[in-house]
Amino acid sequence: MRPLIAGNWKMNGLAADLAEIAALSAWARREPFAGDLLICLPATLLSRAVAAAGQIAIGGQDCHPQAGGAFTGDVAAEMLADAGASAVIVGHSERRLAHAEGDDLIAAKARAAHRAGLLAIICVGESLAERKAGDALGVVAAQVAASVPSGSTAARTAIAYEPVWAIGTGLTPTIEQIEEAHVALREALVLALGEAGAGAPILYGGSVKPANAAEILKVREVGGALVGGASLKAEDFLAIVRAAD
Ligand code: PGA
């Protein structure tokens, strides 16, 4: 399976930062990578980023379930596609927590992404309390069962396993914990989608950096990475991409 290395800029990025996208694009022209590269940006930057991105794919970070209407401040999946995005993150834990998004809404957003022809990167992950209680695998399997729409195809669906306690904290699970979670997620995906569930990539996310990427990307059922902080600078992101090669 081709690895997918995706960046998530979160609420960061002004026009001047498009230089990082241009640098990634220049690198990708010089050193072809046997995988897929994606940067998920604030909606304000999408169309300008697409112009600078070359073969780097550009994605959004959230979408509304509806294609249009009276939803002030929201962005439809069709709008992301129209701006040149080919993917969108849904159900990131920062949205699950800060915007009280539940699995039903996330499934509706993933369906919207599919309707618009986008890859839906559906995030799941346990809290520290859930991990300490021994519930991590059950929690993420239940999130997959409830937030991955039935009928999703492998080509348009990726899961990102992001333990909430590992995001932006510098903490990462052990290699054994990552493997155990990814194997459980694969089972849950196959249960939800049948054959399509065997083909959809499962990315790991949470404090991925140049120093730990090679080790994490070798783990069974890890099909790539979703990278937050270390995706903001082309140099760091490229060091992670090289580790995947
Ligand atoms: P991080 O974020 O790499 O900064 O931990 C990952 C994410 O939130 O997707």
Side-chain angles (χ1 to χ4, degrees), residues 3-13 17 20-21 24 35-43 45 49 56-63 80 85 87-101 106 109-110 113 118-128 130-131 136 139-140 143-144 147 157-175 177-178 181-182 185 200-217 219 222-244:
L4 168 61
I5 311 296
N8 171 14
W9 278 21
K10 309 192 179 186
M11 199 174 74
N12 297 292
D17 300 303
E20 302 299 327
I21 304 289
L24 290 179
D36 296 306
L37 300 181
L38 166 72
I39 302 285
C40 296
L41 293 168
L45 285 180
I56 314 282
I58 296 299
Q61 300 174 6
D62 179 46
C63 65
L80 300 176
V88 62
I89 297 169
V90 296
H92 190 282
S93 63
E94 285 154 14
R95 296 204 62 89
R96 286 182 185 260
L97 291 172
H99 298 264
E101 293 192 4
I106 292 159
K109 290 180 174 202
L118 302 176
L119 169 74
I121 301 178
I122 303 168
C123 300
V124 301
E126 81 283 1
S127 68
L128 190 56
E130 288 163 340
R131 173 149 295 271
V139 165
V140 295
Q143 286 174 335
V144 163
S147 58
T157 309
I159 300 298
Y161 169 58
E162 300 204 306
V164 176
W165 50 275
I167 294 176
T169 58
L171 301 172
T172 46
T174 64
I175 292 302
Q177 286 170 329
I178 293 175
H182 279 245
L185 284 167
I202 305 173
L203 316 180
Y204 170 78
S207 297
V208 176
K209 40 190 179 260
N212 61 17
E215 194 185 16
I216 291 172
L217 289 164
V219 174
V222 172
L226 181 56
V227 183
S231 72
L232 293 170
K233 290 282 164 231
E235 198 185 330
D236 293 339
F237 190 69
L238 288 176
I240 291 168
V241 172
R242 286 195 194 99

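Just follow the structure's listing: the first ligand is 1, and inside any ligand the first atom is 1.
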Are Val241 and Leu24 close enough that some pair of their side-chain heavy atoms sits under 4.5 Å apart?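 With C-beta onward as the side chain, the pair stays apart.
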Regarding ligand 1, does [X] bring an N or O atom to under 3.5 Å of one of the ligand's N or O atoms?
X	result
Ala230	no
Gly228	yes
Gly229	yes
Glu162	yes

Please confirm whether Gly168 comes under 4.0 Å of ligand 1, counting heavy atoms of the residue only. yes
Side-chain donor/acceptor of Glu162 to backbone N/O of Gly125, under 3.5 Å: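 Pair absent, no side-chain N/O of Glu162 close to backbone of Gly125.
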Counting distance only, does the side-chain N/O of Arg96 pair as donor-acceptor with the main-chain N or O of Cys123 below 3.5 Å?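 Yes, the answer is positive, given that a donor and an acceptor are paired below the 3.5 Å cut-off.
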If we set the cut-off at 4.0 Å for heavy atoms, which region of Ala166 has an atom near ligand 1: side chain, backbone, both, or neither?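 Just the backbone.
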What part of Ile167 sits under 4.0 Å from ligand 1 if we count only heavy atoms: the side chain, the backbone, both or neither? both
Measure from atom 8 (O) of ligand 1 to every heavy atom in His92, Lys209, Glu94 and give the option owning the shortest one. His92
Mark up the atoms of ligand 1 that fall under 4.0 Å of a heavy atom belonging to [X], in ascending order.
X	answer
Leu226	9 (O)
Gly206	5 (O)
Lys10	2 (O), 7 (C), 8 (O)
Asn8	9 (O)

Going through the distances and angles, do Asp236 and Lys209 end up as a side chain to side chain contact (heavy atoms under 4.5 Å, CB included)? CA-CA 7 Å; Asp236 293 339; Lys209 40 190 179 260; over 6 Å; no
Please state whether the rings of His182 and Tyr204 are parallel, tilted or perpendicular, taking 30° and 60° as the class boundaries. tilted
Would you give the length of the straight line joining atom CD1 of Ile240 to atom CG of Leu37, rounded to the nearest 0.5 angstrom? 11.5 Å
So, taking the atom named CG in Leu38 and the one named CD1 in Ile56, what distance separates them when rounded to the nearest 0.5 Å?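 These two atoms lie 9.5 Å from each other.
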Using the side chain to side chain contact (heavy atoms under 4.5 Å, CB included) rule, take Thr172 and Glu215 through it: C-alpha gap first, then chi angles, then the decisive distance, then the call. CA-CA 12 Å; Thr172 46; Glu215 194 185 16; over 6 Å; no
